[in-house]
A.B. asks: 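Let me give you the structure first, and then I'll get to my questions.
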Amino acid sequence: MEQIPSTENTEAQAARPGRKRYADVPLAEKLAVITAWLEEHKAERIVSLNLTEQGGFADALLVLTAGSMRHAQSLADGVAALCHERNYEYLRVEGYEAGQWILVDLNDIVINIFLEPVRELYRLEALWGQSPARAAAGPGGEASA
């Protein structure tokens, strides 16, 4: 069966209700915006791991520490609001109720919000082959890869 190409303008298709368009922002810029927001909201020991060469589920992984369960939940809520405001893709959140390790999935970026004991237990930075000691330290002691 032959398909007849649509004569509708692609912009009109994208503007149609029910269709969602996400901001086409380079990964580095999106990471900078999210990291700056997290720093402003007192996230600690922020580490950014570049996974583009690893292939797989995401292009970048952010690992950070929250001071309490309530702080971790607040950071997760704030990232969701930031994504909505900036029109970044936001897929889901896991671990919100327990608040020990909250994972926020933005499709190309996965944010891991830990309480300190849980972060030390799992040591994701070491798992991905980039310990904070090997990562370049930024202002305030944050490290990034």
Side-chain angles (χ1 to χ4, degrees), residues 5-6 8-145:
S6 172
E8 257 187 279
N9 184 339
T10 56
E11 288 180 36
Q13 287 176 340
R16 197 179 309 150
R19 286 215 182 244
K20 197 154 197 168
R21 289 187 58 184
Y22 296 105
D24 189 20
V25 177
L27 179 65
E29 183 180 330
K30 190 189 286 188
L31 276 171
V33 168
I34 293 170
T35 301
W37 187 92
L38 289 167
E39 288 171 349
E40 287 173 18
H41 291 84
K42 311 243 186 284
E44 300 169 357
R45 293 184 33 207
I46 301 170
V47 176
S48 175
L49 304 173
N50 185 344
L51 302 180
T52 54
E53 299 300 318
Q54 305 284 331
F57 68 96
D59 294 333
L61 192 68
L62 280 176
V63 181
L64 56 113
T65 303
S68 68
M69 182 176 126
R70 193 168 177 167
H71 184 215
Q73 291 170 333
S74 174
L75 291 173
D77 291 339
V79 167
L82 177 68
C83 290
H84 179 72
E85 174 187 309
R86 298 275 183 144
N87 205 27
Y88 296 161
E89 190 170 11
Y90 178 90
L91 298 181
R92 71 184 139 272
V93 64
E94 298 287 335
Y96 184 88
E97 291 301 318
Q100 305 290 309
W101 176 3
I102 301 175
L103 184 138
V104 182
D105 188 350
L106 308 181
N107 194 21
D108 56 345
I109 301 170
V110 175
I111 302 170
N112 294 273
I113 305 169
F114 284 104
L115 294 185
E116 189 60 39
V118 180
R119 183 173 182 171
E120 290 303 316
L121 176 67
Y122 289 101
R123 299 180 50 207
L124 285 186
E125 300 93 331
L127 178 67
W128 287 100
Q130 298 187 354
S131 67
R134 285 183 28 198
E142 295 89 17
S144 62

A.B. asks: Could you give all pairs that pass the salt bridge (charged side-chain N to carboxylate O under 4.0 Å, His left out) test and reach residues 90-116, with sequence neighbours left out?
C.D. replies: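 Of all non-adjacent pairs touching residues 90-116, those that pass salt bridge (charged side-chain N to carboxylate O under 4.0 Å, His left out) are Lys30-Asp108, Arg45-Glu116, Arg92-Asp105.
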A.B. asks: Minimum heavy-atom separation for Ala43 to Ile46, with atom names?
C.D. replies: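 Closest approach of Ala43 to Ile46: CB-CD1, 4.0 Å.
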A.B. asks: Can you check side chain to side chain contact (heavy atoms under 4.5 Å, CB included) on Val79 and Leu38, steps first, answer last?
C.D. replies: CA-CA 8 Å; Val79 167; Leu38 289 167; 4.0 Å; yes
A.B. asks: Can you tell me how far the CG atom of Leu106 sits from the CG atom of Asp59, to the nearest 0.5 Å?
C.D. replies: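 Between atom CG of Leu106 and atom CG of Asp59 there are 11.5 Å.
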A.B. asks: At their closest point, which heavy atom of Cys83 faces which heavy atom of Tyr90, and how far apart are they?
C.D. replies: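 Taking Cys83 first and Tyr90 second, the nearest heavy atoms are CB-CB, 4.1 Å.
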A.B. asks: Could you tell me whether Tyr122 atom OH has more than 12 heavy atoms of other residues or ligands within 6.0 Å of it?
C.D. replies: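 Counting other residues, nucleotides and ligands, OH of Tyr122 stays at 12 neighbours or fewer.
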A.B. asks: Hey, is the main chain of Tyr96 close enough, under 3.5 Å, to the side chain of Gln73 for a donor-acceptor pair?
C.D. replies: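 Such a contact is found between Gln73 side chain and Tyr96 backbone.
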A.B. asks: What are the two closest heavy atoms between Ala58 and Val110, and how far apart are they?
C.D. replies: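 Reported closest heavy-atom pair: CB-CG2, 3.8 Å.
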A.B. asks: What is the distance from atom OG1 of Thr65 to atom CD of Glu120, rounded to the nearest 0.5 Å?
C.D. replies: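 If I round to the nearest 0.5 Å, the distance is 7.5 Å.
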A.B. asks: Could you give the distance from CG (Leu91) to CG (Asn107), rounded to the nearest 0.5 Å?
C.D. replies: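 Answer for the CG-CG pair, Leu91 versus Asn107, is 5.0 Å.
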A.B. asks: To the nearest 0.5 Å, what is the distance between CG on Leu121 and CG on Leu115?
C.D. replies: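 The CG atom of Leu115 is 12.0 Å from CG of Leu121, to the nearest 0.5 Å.
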A.B. asks: The test is side chain to side chain contact (heavy atoms under 4.5 Å, CB included); show your working for Leu49 and Leu124 and say whether it passes.
C.D. replies: CA-CA 10 Å; Leu49 304 173; Leu124 285 186; 5.6 Å; no
A.B. asks: Are the side chain of His71 and the backbone N or O of His41 linked by a donor-acceptor pair below 3.5 Å?
C.D. replies: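 At least one qualifying donor-acceptor pair exists.
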A.B. asks: Distance check, rounded to the nearest 0.5 Å: Ile34 atom CD1 versus Glu29 atom CD?
C.D. replies: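 Separation between the atoms: 10.5 Å.
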A.B. asks: As a quick check of understanding, evaluate side chain to side chain contact (heavy atoms under 4.5 Å, CB included) for Leu82 and Val33, giving each step before the final call.
C.D. replies: CA-CA 9 Å; Leu82 177 68; Val33 168; 4.3 Å; yes
A.B. asks: Which heavy atom in Ala76 sits nearest to a heavy atom in Ile113, and how many Å separate them?
C.D. replies: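 In this case the closest contact between Ala76 and Ile113 is N-CD1, 3.7 Å.
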A.B. asks: To the nearest 0.5 angstrom, please state how far the OG atom of Ser48 sits from the CG atom of Leu61.
C.D. replies: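 Ser48 atom OG to Leu61 atom CG measures 8.0 Å (nearest 0.5 Å).
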